[in-house]
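Below: the structure, in structure tokens.
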Amino acid sequence: MKELRHVAVLDFGSQYTQLIVRRVRELGYYAKLYAPEELGKIGEPGAIILSGGPKSTSEEDAPDIDFERLKEFQVPVLGVCYGMQLLNIKFGGSVEASTKREYGPAALKPICGNDLYEGVSNESQVWMSHSDTVRDLHPEAEVIATNQHGTPVSLRWPGGFYGIQFHPEVTHSHEGMRILNNFLLQADTLQEFHIEDFKRELIEGIKGEVGDKQVVCGVSGGVDSTVLAVLLNEAGVNVRAIFVDNGLLRKDEAIAVQNNFHRMGVEIETVDASEIFLDALAGKEDPEEKRKIIGNLFIDVFWTAVGDAEILAQGTLYPDVIESASNEKSKASVIKTHHNRVPKILELQEQGKVLEPLAELFKDEVRELGAALGIAPDILGRHPFPGPGLAVRCPGAVDRERLDIIRECDAIFIGKLKEHGWYDRVWQAYAGLIPVKTVGVKGDERSYEWATNLRAVISEDAMTAEWVELPGQLLREASQDILNQVKGINRVLYDISTKPPASIEWE
Ligand code: XMP
């Protein structure tokens, strides 16, 4: 991607930094994240944003910025939270450290007639998360907004420098997008972000990087790996797409995945490893042990199928690459522990054999890219499905009988969601098994069978989730069909737990 007149976001370690990048793209401009010490690498940006960070500017190892170099760009600069404190110090002001952190909503009161708050209400809710506050100001620094107590929370310095104490990138800052947009309007011209251009550049990049080498990628039927495989195919790369059937898939899923790829013109190699997985899982009840078995076996089976890879392509997304690490100066270089970062892959990465073309994108952008690649909406709209599959939807041991019961219940529930037009309105839904027997009556006989738990949630990032108030009629029909058709189930429960404290899966 060429980096002319883009928005460079310098990462001082805040948990919200990647959201800034996302918000800028939502406003239609191309944004990219850099470590503060990477100023020399950012080319010719059109605007620069200094993110927040977990440190206090007074700490010895607090991240710093080459201020002289920053000024040389002669473009608008916005310091957010830590970024604002740092700018205030660089401009000769001072910052008061506090041991208490202000965290939560505050009122923003813009001072009339300034460009950053054009069109923003007189009093607007913003989200604070900081411990330092500005104390002395440079004589030319101007206070452009205060909080409800009259404390300065936004500053402007000569030369197009702005500071805001709050986080405009989080939705709790009600007019944050407008403020961010007002800042970006200060830039002369900015490179626009269009997914079509991005797609073309990705394809060119892949062609250049791969040439005629063979590329291997794992596919699961999920959105990320599907988009990746189609993208590689579109780039005319010699690609092998490998799909491991671990025996923990939903009803008819292996066939559906094969058909979907066939529809998209990408041939996949299916490795049926269900026996191996189910044998290894027999009698294992501990959730972590189940996860470990599945994770390790996946690696073995996948790498056996791969053989000798010239290049391994992965559908790693932006949030997978960046992880907050409060003891690190820069987040951008820190990789969270993730299945895309097991030792074997790190080794290949060292040898330059790993290709991750989606690493700059967020999930919804991947969907957009998928649409630009012509992938059908039903494939792009599939609910997320966990790598360990149905094993995390069956507390205790998994075996074929239990898995088959889950498959039947799940197919009925998902079918009802689709029939009633609710599938696309929920973020994720499934039926699981509660392997506890209770008494019931079936026909004239007493039954002693298991229960199924239906779960439907809305979520943005899976970190938190709300249960969905599905229509009673939908639940009634799902329950009736399950009780009538699924042998082994005499009770249907609907899970009304939020996350936290519950999780989405039962494990
Ligand atoms: P929990 O149960 O932690 O799940 O609330 C959050 C989201 O993550 C999915 N999930 C996984 N996805 N590999 C995945 O790719 C996994 O090991 C895994 N475990 C949970 C889960 O389905 C939900 O969407």
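Each ligand, and each atom within it, is numbered from 1 in the order the structure gives.
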Which pairs count as ring pair (Phe, Tyr, Trp, His ring centres under 6.0 Å) when at least one residue sits in residues 346-401, sequence neighbours excluded?
Y318-F362, H383-Y423
Does W427 come within less than 4.0 angstrom of ligand 1, counting non-hydrogen atoms of the residue?
yes
Heavy atoms only: which of S503, P386, P500 lies closest to atom 12 (N) of ligand 1?
P386
Do N181 and R178 pass the side chain to side chain donor-acceptor pair (under 3.5 Å) test, and can you show the C-alpha distance, the side-chain angles, and the key distance before you say yes or no?
CA-CA 5 Å; N181 197 45; R178 183 181 286 272; over 6 Å; no
Min N/O separation P388 to ligand 1 under 3.5 Å:
no
Please confirm whether Q428 comes within less than 3.5 Å of ligand 1 when only nitrogen or oxygen atoms on both sides are compared.
yes
Between Y430 and R455, is there a cation-pi geometry (under 6.0 Å to ring centre, at most 45° from the normal)?
no
Taking side-chain contact (heavy atoms from CB on, under 4.5 Å) as the criterion, tell me which of L380, I195, L231, T226 meets it with L373.
L231
Can you find an N/O atom of E507 closer than 3.5 Å to an N/O atom of ligand 1?
no
Distance filter under 4.0 Å to K499 heavy atoms, resulting ligand 1 atoms:
1 (P), 3 (O), 5 (O), 6 (C)
Backbone of V492 reached by a side-chain donor or acceptor of T452 within 3.5 Å
no
Quick one: does R291 get a heavy atom under 4.0 Å from ligand 1?
yes
For G387, counting its heavy atoms only, list the atoms of ligand 1 lying under 4.0 Å from any of them.
12 (N), 13 (N), 14 (C), 15 (O), 16 (C)
Flag the pair R367 and D364 as a salt bridge only when some basic side-chain nitrogen lies within less than 4.0 angstrom of an acidic carboxylate oxygen.
no
